Amino acid sequence: MHKIIKKNRLSENVFDITVSAPLIAEERQAGQFVIVQADNEFSERIPLTIVDADAEKGTIRLIFAAIGASTRALARLKEDDEIVNILGPLGKPTHIENFGRVVCVGGGIGTAPLYPIVKALKAAGNHVTVIIGARTAELIILEPEMRAAADNVIIVTDDGSRGEKGVVTAPLKRLCESAAEKPNFVVTIGPAVMMKFCALTTKPFNIPTIASLNTIMIDGTGMCGGCRVSVGGKTQFVCVDGPEFDAHQVDFDNMMLRLGSFKKEEEHKCRIGLST
Amino acid sequence: MNQKTVEEANAEAEALRRLYAGKTLTPAEKMKIPAQEMPNQEASVRARNMEEVALGYSEAQAVVEASRCLQCKNAPCVKDCPVHINIPEFLKAVAEENFKEGLKVIRRDSLLPAMCGRVCPQETQCQKNCTMGKALKDVDQAVSIGRVERFLADNVEAEPVKTAPETGKKVLIIGSGPAGITCAADCRKAGHRVVICEALNKPGGVTVYGIPEFRLPKAIVEKEIENLKKAGVEIRPDFLVGKTRKLKDLMDKEGFDAAFIAVGAGLPVFAGVEGENLVGVFAANEYLTRSNLMKAYDKDRALTPMYTSKRVAILGGGNVAMDAARTAVRMGAEKVSVIYRRTEKEMPARKEEVQHAKEEGIEFLMLKNISRIIGDENGRVKQVETVSFELGEPDASGRRSPVRVDGSEELLEFDTVIIAIGSRSNPLIRQTVPEIQFNEKGNIIVNDNMETSLKSVFAGGDIVLGAATVISAMGQGREAAKAINERLKS
């Protein structure tokens with residue numbers, strides 16, 4: 001059982017919870033995730049990246065968007081309520097070293113899993129620029145934390161309500177083209193389509209780029225194969241081989257199709273979720 | 001074939017039971033006793049529910065079936081049982097209506113008779129060389145040992161596990177499948193403290209995530225797990241050794257004297273054909289885990305979705321393939337086809353499961369393989385290209401190996417493909433415990449004592465054998481426990 005110690009609402013449907021999970025808090029490294037299951041019988045297993053951890057207090061911090069029936073059920077839990085199952089830390093940790101200049105691109109809720117990586121890269125001595133993209137100002141998360149952790153933060157919104165108007169690939173391309181600011185390494189986490197275009201942006205500049213993938217997952221331990229993606233023509237499991245891969249090698253088009261596997265069925269679940 | 005109802009089967013058996021009561025039967029008389037059929041839920045009804053298909057023997061049926069045992073001195077049945085249950089002895093007890101004694105005899109060697117009675121491939125083990133089957137020249141006429149075993153397990157209250165005085169020694173078991181729970185029980189009996197770490201949220205391993213409710217009700221697994229807990233075994237769910245804690249850290253930190261790795265063969269194998277990552281292609285593990293562990297079959301309550309299919313192709317001929325095919329039927333698929341590259345004779349699935357699958361309307365496309373999966377404009381499966389095979393010379397396993405027939409490609413309409421061609425071992429232990437030696441297949445190498453190359457760390461079940469059966473995993477768990485208990489004496 002994992003007690004919810006703290007709960008904040010970051011925007012309309014984005015929640016930030018701090019949960020008791022002492023073993024995971026001690027063991028986790030940047031880039032790793034957990035599987036959360038609100039109860040033991042009928043709830044889904046939801047993969048969530050660990051945003052932060054406090055080994056001393058034995059807590060981990062998770063940020064999620066309540067967009068489906070299961071995440072909405074999770075969002076209904078209050079402080080002092082308990083989450084029955086949390087498994088982790090899962091996946092391979094991010095490979096951290098001093099690359100020199102690094103650009104980290106986070107889109108929407110993807111900004112949350114990016115945060116621990118930004119911190120770790122900064123701690124390793126990198127100059128870190130963070131680009132945060134969102135549909136609109138209200139959906140930008142973790143801006144103060146990112147400003148504290150990184151050397152430079154660029155905000156981009158689709159509607160121009162904050163920062164630059166447009167998409168994250170515009171400032172990313174600018175940086176790649178700049179002689180002084182060209183990154184040696186790029187990390188991108190966000191919607192698949194955004195990661196795809198980040199990869200296409202950095203490819204002509206030959207800048208090593210990794211993407212952290214969040215595919216459909218059941219067990220998270222390599223058993224079901226549901227999370228598989230094609231990387232450089234080879235099938236890889238996001239849960240045990242990832243979640244981070246060379247973004248230039250990932251077949252994002254296939255990944256996007258697979259992410260929609262249960263669209264029809266989930267619409268049905270969402271209706272069930274609404275009625276309860 | 002018209003099947004008897006529970007009432008009809010029982011009435012006939014009652015009459016026979018009265019007829020034979022108190023008599024000592026000669027072998028010739030025993031041979032005349034009709035083999036007792038297992039009543040099943042009617043095919044058209046069960047194809048619409050998840051409840052158990054085989055309904056179990058009545059008391060009278062169990063007694064009559066047990067009376068067929070010839071009590072052979074050489075007991076060929078025992079030799080082929082991976083845990084060497086004294087089969088003639090327990091059948092004799094049942095024939096004499098001493099059910100308590102019957103269960104006691106089984107439990108000397110197997111703690112999981114309710115599971116084994118249901119999922120063991122009896123026709124290739126205990127029942128294969130049964131003298132009755134040989135005499136009647138039909139393995140189907142062998143004494144139905146597994147069904148009598150199941151009757152005892154379901155109907156007789158087991159005595160609680162007796163444990164020796166506490167030794168103060170600690171044993172870590174990794175994985176709570178058949179190998180893990182068997183080893184745990186035996187180590188606990190010897191008086192050691194036992195902790196099982198399980199990666200999933202529920203203990204039971206493949207019996208929980210893999211084998212469907214209609215073949216092995218989860219309540220049976222839960223009961224066995226409860227018994228273990230009552231005997232003092234501690235179970236830690238959501239604990240993935242290698243990730244939550246590394247094996248050696250865990251052993252050092254908590255002072256474990258020995259460990260047993262029984263993590264199974266959890267990594268699905270894909271066929272490596274074009275189109276395998278299309279939407280609608282699943283590893284059987286995923287399909288079954290959704291349905292079993294996540295209860296997705298309960299569409300109104302479960303939040304985990306199940307893919308909606310009309311025409312489902314299953315690739316493979318083992319028990320997992322049968323489980324996936326029969327689950328697809330129950331999920332409402334209109335047409336379900338099993339595609340296998342050898343013939344039905346070579347299929348590794350239990351005979352009864354194949355029979356049940358056929359009764360449920362599943363089509364068997366033998367001597368075929370999938371060569372390509374074709375998607376529509378949305379990346380969803382729309383067709384499967386198959387290729388035909390002929391049987392050639394026997395291979396190393398003694399099965400005749402299939403040879404591809406050139407130009408035999410054929411396009412069939414399917415919207416879902418489930419791959420059930422086996423599984424490999426999960427690489428997690430290998431990645432995190434470099435001291436342990438693995439073979440080229442990814443299985444852990446153990447010595448005659450089931451010990452790995454890392455001292456005091458033992459291993460067994462599918463992680464050693466490769467994907468095998470529940471009972472062989474149990475046999476390994478038992479052997480490992482013997483070796484661990486011996487080691488901890490000193």
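So that the names make sense, note that chain A is the first sequence line, chain B the second, and so on, each numbered from 1. On a predicted model such as this, the values are computed, not experimentally measured, just so you know.
- Nearest heavy atom pair, residue Pro305(B) against residue Glu44(A), reads CD-OE2, 3.9 Å.
- Interatomic distance, CG of Leu303(B) versus CD1 of Ile46(A), reported as 8.5 Å (0.5 Å rounding).
- Contact tally against chain B (heavy-atom pairs below 4.5 Å) for Glu27(A), Arg228(A), Arg45(A): the top residue is Arg228(A).
- Heavy-atom pairs under 4.5 Å with chain B peak, among Ser261(A), Gly88(A), Ser70(A), Gly225(A), at Ser261(A).
- For Lys234(A), the NZ atom sits in a loose shell: 12 or fewer heavy atoms of surrounding residues, nucleotides or ligands are nearer than 6.0 Å.
- Scanning all heavy atoms of the two residues, the minimum distance from Phe239(B) to Leu87(A) falls at N-CD1, 4.1 Å.
- By the neighbour-count criterion of 12 heavy atoms within 6.0 Å, atom NZ of Lys248(B) is sparsely surrounded, having that number or fewer from other residues, nucleotides or ligands.
- Arg258(A) touches chain B through backbone and side chain together, each having a heavy atom under 4.5 Å away.
- Among Gln431(B), Glu276(B), Arg290(B), the residue with the largest count of heavy-atom pairs under 4.5 Å with chain A is Arg290(B).
- Residue Asn85(A) touches chain B through both its backbone and its side chain, counting heavy-atom pairs closer than 4.5 Å.
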Run the side-chain hydrogen bond (donor to acceptor under 3.5 Å, both in side chains) test on Glu265(A) and Thr308(B) for me, step by step, so that the C-alpha distance in whole Å, both residues' side-chain angles and the decisive distance to 0.1 Å come before the verdict. CA-CA 7 Å; Glu265(A) 292 80 3; Thr308(B) 313; 2.6 Å; yes
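- For Ile86(A), the part lying under 4.5 angstrom from a heavy atom of chain B is the backbone only.
- Pro268(B) approaches Gly222(A) most closely through the heavy-atom pair CD-O, 3.5 Å.
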Test side-chain contact (heavy atoms from CB on, under 4.5 Å) on Tyr307(B) and Lys264(A); report intermediate values, then the result. CA-CA 9 Å; Tyr307(B) 197 68; Lys264(A) 214 169 43 180; over 6 Å; no
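- Across Met223(A) and Thr289(B), no two heavy atoms sit closer than the pair CE-OG1, 3.3 Å.
- When heavy atoms are compared at a cutoff of 4.5 Å, Leu23(A) approaches chain B by way of both its backbone and its side chain.
- In this structure, SG on Cys239(A) lies 9.5 Å from NZ on Lys243(B), to the nearest 0.5 angstrom.
- The structure places CZ of Arg380(B) at 9.0 Å from CG of Leu257(A), a figure rounded to the nearest 0.5 Å.
- Here the CD-CG distance, from Gln37(A) to Asn201(B), works out to 4.0 Å after rounding to the nearest 0.5 Å.
- Most heavy-atom pairs under 4.5 Å with chain B: of the set Asp219(A), Asp251(A), Val240(A), Thr235(A), this distinction falls to Thr235(A).
- Heavy atoms of other residues, nucleotides or ligands lying less than 6.0 angstrom from CD of Glu56(A) number 12 at most.
- Heavy atoms closer than 4.5 Å to chain A are found in the backbone of Leu278(B), but not in its side chain.
- Of the atoms belonging to Arg28(A), not a single heavy atom falls under 4.5 Å from chain B.
- Here the OH-CD1 distance, from Tyr209(B) to Ile218(A), works out to 13.5 Å after rounding to the nearest 0.5 Å.
- Of the listed residues Leu293(B), Asn378(B), Asn285(B), Leu288(B), the one with more heavy-atom pairs under 4.5 angstrom with chain A than any other is Asn285(B).
- Distance alone, capped at 3.5 Å, is enough to place a donor-acceptor pair between the Asn426(B) side chain and the Thr221(A) backbone.
- Using bins of under 30°, 30° to 60° and over 60° for the plane-to-plane angle, the ring pair Phe237(A)/Phe270(B) lands in the perpendicular bin.
- When the candidates Gly260(A), Pro89(A), Ser230(A), Ala73(A) are compared by the number of heavy-atom contacts under 4.5 Å with chain B, Pro89(A) comes out ahead.
- The CD1 atom of Ile35(A) lies 10.5 Å from the CG atom of Leu240(B); values are rounded to the nearest 0.5 Å.
- For Glu41(A), the parts lying near chain B are the backbone and the side chain together; criterion is any non-hydrogen pair under 4.5 Å.
- Between Lys246(B) and Glu26(A) there is no salt bridge, since no side-chain N of the basic residue sits under 4.0 Å from a carboxylate O of the acidic one.
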